[in-house]
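As structure tokens, the structure follows; a few thoughts come after it.
The chains referred to below are lettered A, B, ... by the order of the sequence lines, with proteins before strands, and numbering in each begins at 1. All figures in this text were calculated on a predicted structure; none of them were measured in a lab.
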Amino acid sequence: MSSEKLSVKQARLPECIGKTIKIEGWVRTRRDSKAGFSFLEINDGSCLSNLQIIADANLANYESQIKTLNTGASVAVEGLMKESGGKGQATELVAKSVVVYGEADPETYPLQKKRHSFEKLREWAHLRSRTNTFGAVARVRNCICNSIHQFFQEQEFLYVHTPIITASDCEGAGAMFQVTTLDLDKIAEKEIKYLDFKQDFFQRRAYLTVSGQLEGETYACALGKIYTFGPTFRAEKSNTTRHLAEFWMIEPEMAFYELEDNMDLAEAFIKRIAKDAITLCPEDMQLFNEHVEPGLIEALQKVVDSQFVRLPYTEAVEILTGCGQKFEYEVKWGSDLQSEHERYLTEQHFKSPVILYNYPRKIKPFYMYCNDDEKTVRGMDVLVPRVGEIIGGSQREHRLEVLEARMAEQGIPAEDYWWYSDLRRFGTVPHAGFGLGLERAVQFITGMTNIRDVIPFPRFPGNVEF
RNA sequence: GCCCUUGUAGCUCAGUCGGUAGAGCAACGGACUGUUAAUCCGUGUGUCCUAGGUUCGAGCCCUAGCGGGGGCGCCA
């Protein structure tokens with residue numbers, strides 16, 4: 001009598017044969033047979049594949065509605081699941097009723113039954129989730145997020161929510177968006193030259209966070225192992241395939257961890273994400289493997305099975321200066337490596353993920369632990385082929401006097417970080433952590449080349465539509 | 001911010017030497033078919049990004065602007 005409501009994913013399984021079911025979704029394509037019925041392919045996002053519907057001409061609304069269903073129309077179909085009479089699918093649904101929720105006029109509906117370029121689909125960000133590739137990206141992104149939580153939860157990390165609005169304005173992570181409730185129109189009208197932030201909401205300047213690390217450290221230095229997972233904002237006018245103004249970042253922070261432990265964790269973490277995507281999203285990953293990045297799955301499997309190369313910065317410089325490769329930028333000890341250098345190391349020299357560590361202290365932020373050589377700090381970057389830097393982290397400086405000296409060295413006002421220094425003042429412990437850009441991880445796993453295509457609604461300079 | 005590249009039909013693109021715009025796909029109509037990016041036949045489609053300029057004449061050449069894409073820097 002009453003039919004069981006199933007997803008397309010469930011209905012495609014042979015064990016559904018014989019059941020009376022209901023599915024709801026969107027028409028991907030319709031093929032008419034003059035023998036007196038139509039094939040409808042329905043997708044509901046539960047998986048990449050569609051469910052084939054047999055809609056017989058004797059259905060009440062066959063001529064009036066079903067025969068004019070087009071790509072994008074929404075329907076509910078009830079009927080009997082049968083073994084498919086055709087090739088390409090195990091099951092099909094023989095409709096007893098087809099209810100049309102909404103039509104999609106083919107003259108005005110932008111999506112067609114054909115391939116669209118990613119560039120074009122960015123103009124229709126509200127509809128691109130209805131395409132095969134963006135559906136697959138969404139499912140794999142979800143899988144990655146789930147893996148991240150599982151990975152940390154299994155190891156007794158606490159999920160901590162660090163603030164999105166912050167007052168720290170020089171964490172060394174770049175330009176920030178200012179948060180204010182001041183009436184900018186009124187200020188412009190009055191031509192006020194100097195703003196009194198005492199009048200602002202927080203009675204001082206406030207910003208959107210560029211990192212939850214400093215706050216994360218306070219919880220790690222009480223609860224042991226924690227991680228954050230939230231939105232992050234950078235106001236740099238970056239115009240590349242791997243930068244966003246708003247992105248999601250995962251930042252684990254661990255008390256009693258040193259650099260080596262940090263590297264071990266980062267390596268296991270990347271491997272876990274890759275392994276889960278391959279095993280839990282085989283159909284979606286196959287799409288990327290065939291249509292987006294040939295050889296992707298094999299390459300990821302190699303990453304899972306490999307041991308990451310761990311290379312001190314100084315040795316990296318030696319390799320780069322001695323390799324005979326011509327670079328646009330000169331490599332010399334003491335300056336930051338350019339992305340062309342990083343890519344050479346991970347893509348050509350080692351052909352494997354590489355963890356670079358022990359960077360010159362002059363080019364790294366004040367909070368990184370200073371080595372005894374007085375020249376380097378215990379920072380690390382994980383580089384992967386195609387994407388470049390996917391993780392940046394360090395062992396933190398936990399010696400108060402060294403930290404204060406570093407702040408002074410870099411011209412950072414220690415008084416603004418009084419609470420951060422307190423962690424070193426009271427019961428200080430060695431600790432370490434890193435940040436992983438979620439979207440870069442999604443790029444790495446899916447092979448999608450533009451970061452704007454792995455987040456539902458990308459924010460970048462000049463773009464906040466949708 | 002810098003550099004390169006691109007803008008022509010709903011989509012992807014062609015357009016020669018500067019001479020007044022075309023193909024495939026989609027859509028629509030028909031035929032055919034347990035089909036599956038179905039197939040076959042037929043039909044329609046334009047602010048050639050915008051504004052100037054050169055020219056008898058500009059999709060094409062020049063200038064400026066706007067939009068898209070890519071590279072670099074900043075980083076995750």
Nucleotide-resolved protein contact map, nucleotides 2-12 of chain B, B/S/- at heavy-atom distance under 4.0 Å: --------BBS

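Taking atom C1' on both B/rG65 and B/rA38, the two are 47 Å apart, rounded to the nearest angstrom.
Within residues 350-364 of chain A, no residue has any heavy atom under 4.0 Å from RNA chain B. Taking every heavy atom of residues 43-62 of chain A and every atom of RNA chain B, pairs under 4.0 Å involve A/Q52, A/I54, by number. For residues 331-341 of chain A, proximity to RNA chain B is found at A/Q338, A/S339, defined as any non-hydrogen atom under 4.0 angstrom from a strand atom. Against RNA chain B, the stretch residues 89-102 of chain A makes heavy-atom approaches under 4.0 Å through A/Q89, A/E92.
Put simply, A/R234 has no side-chain N or O that comes within less than 4.0 Å of OP1 or OP2 on B/rC75. OP1 or OP2 of B/rG69 sits under 4.0 Å from a side-chain N or O of A/R122. Between A/K237 and B/rG73 there is no side-chain polar atom (N or O) within less than 4.0 angstrom of OP1 or OP2. Distances shorter than 4.0 Å separate some side-chain N or O of A/R242 from OP1 or OP2 on B/rG73. Of the side-chain N and O atoms in A/S38, none sit less than 4.0 angstrom from OP1 or OP2 of B/rU35.
In this view, A/R139 and A/D284 satisfy the salt bridge (charged side-chain N to carboxylate O under 4.0 Å, His left out) rule, not counting sequence neighbours. Under the rule for a salt bridge (charged side-chain N to carboxylate O under 4.0 Å, His left out), A/E260 has no partner lying at least two apart in sequence or in another chain. By the side-chain contact (heavy atoms from CB on, under 4.5 Å) test, A/C16 pairs with A/L6, A/M81, sequence neighbours left out. Considering only residues two or more places apart in sequence or on other chains, A/E283 meets the salt bridge (charged side-chain N to carboxylate O under 4.0 Å, His left out) condition with none of them.
No donor-acceptor contact under 3.5 Å links the side chain of A/S238 to the base of B/rC75.
For an aromatic pair to be called close, the ring centres must be under 6.0 Å apart, and A/F151 with A/F157 fails this. Taking the six-membered ring where the residue is Trp, the centroids of A/Y207 and A/F177 are separated by 6.0 Å or more.
For the pair A/L436 CG and B/rA76 P, the computed distance is 11 Å after rounding to whole Å. In this entry the distance linking CZ of A/F37 with C1' of B/rU36 reads 12 Å, nearest Å.
The list of salt bridge (Lys or Arg N to Asp or Glu O under 4.0 Å) pairs with a residue in residues 327-345 of chain A, not counting sequence neighbours, reads A/R343-A/E347. Applying the ring-ring contact (aromatic ring centres under 6.0 Å, His included) test to every pair with at least one member in residues 440-466 of chain A, sequence neighbours left out, gives these pairs: A/H126-A/F466.
Both thresholds, 5.5 Å between centres and 30° between ring planes, are not jointly met by A/F39 relative to the base of B/rG34, so the two rings are not stacked.
Note on A/L244: a base of the nucleic acid sits closer than 4.0 angstrom, heavy atoms only. Among the heavy atoms of the strands lying under 4.0 Å from A/T29 are primed sugar atoms or P, OP1, OP2 only; no base atom is included. Across all strands shown, A/T241 has heavy atoms under 4.0 Å from sugar-phosphate atoms exclusively, and none from any base. Residue contacts shown for A/G435 are limited to sugar-phosphate atoms, with no base heavy atom under 4.0 Å away. Using a 4.0 Å heavy-atom cutoff across all strands shown, A/R28 reaches no nucleic acid atom at all.
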Pairing annotation in dot-bracket form, given for RNA chain B with Watson-Crick or G-U pairs under 3.5 Å and | for cross-strand partners: (((((((..((((.....[..)))).(((((.......))))).....(((((..]....))))))))))))....

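Sparse packing is recorded around CD of A/E83, with 12 or fewer heavy atoms of other residues, nucleotides or ligands lying under 6.0 Å away.
Between A/R128 and A/E123 there is no salt bridge, since no side-chain nitrogen of the basic residue lies less than 4.0 Å from a carboxylate oxygen of the acidic one.
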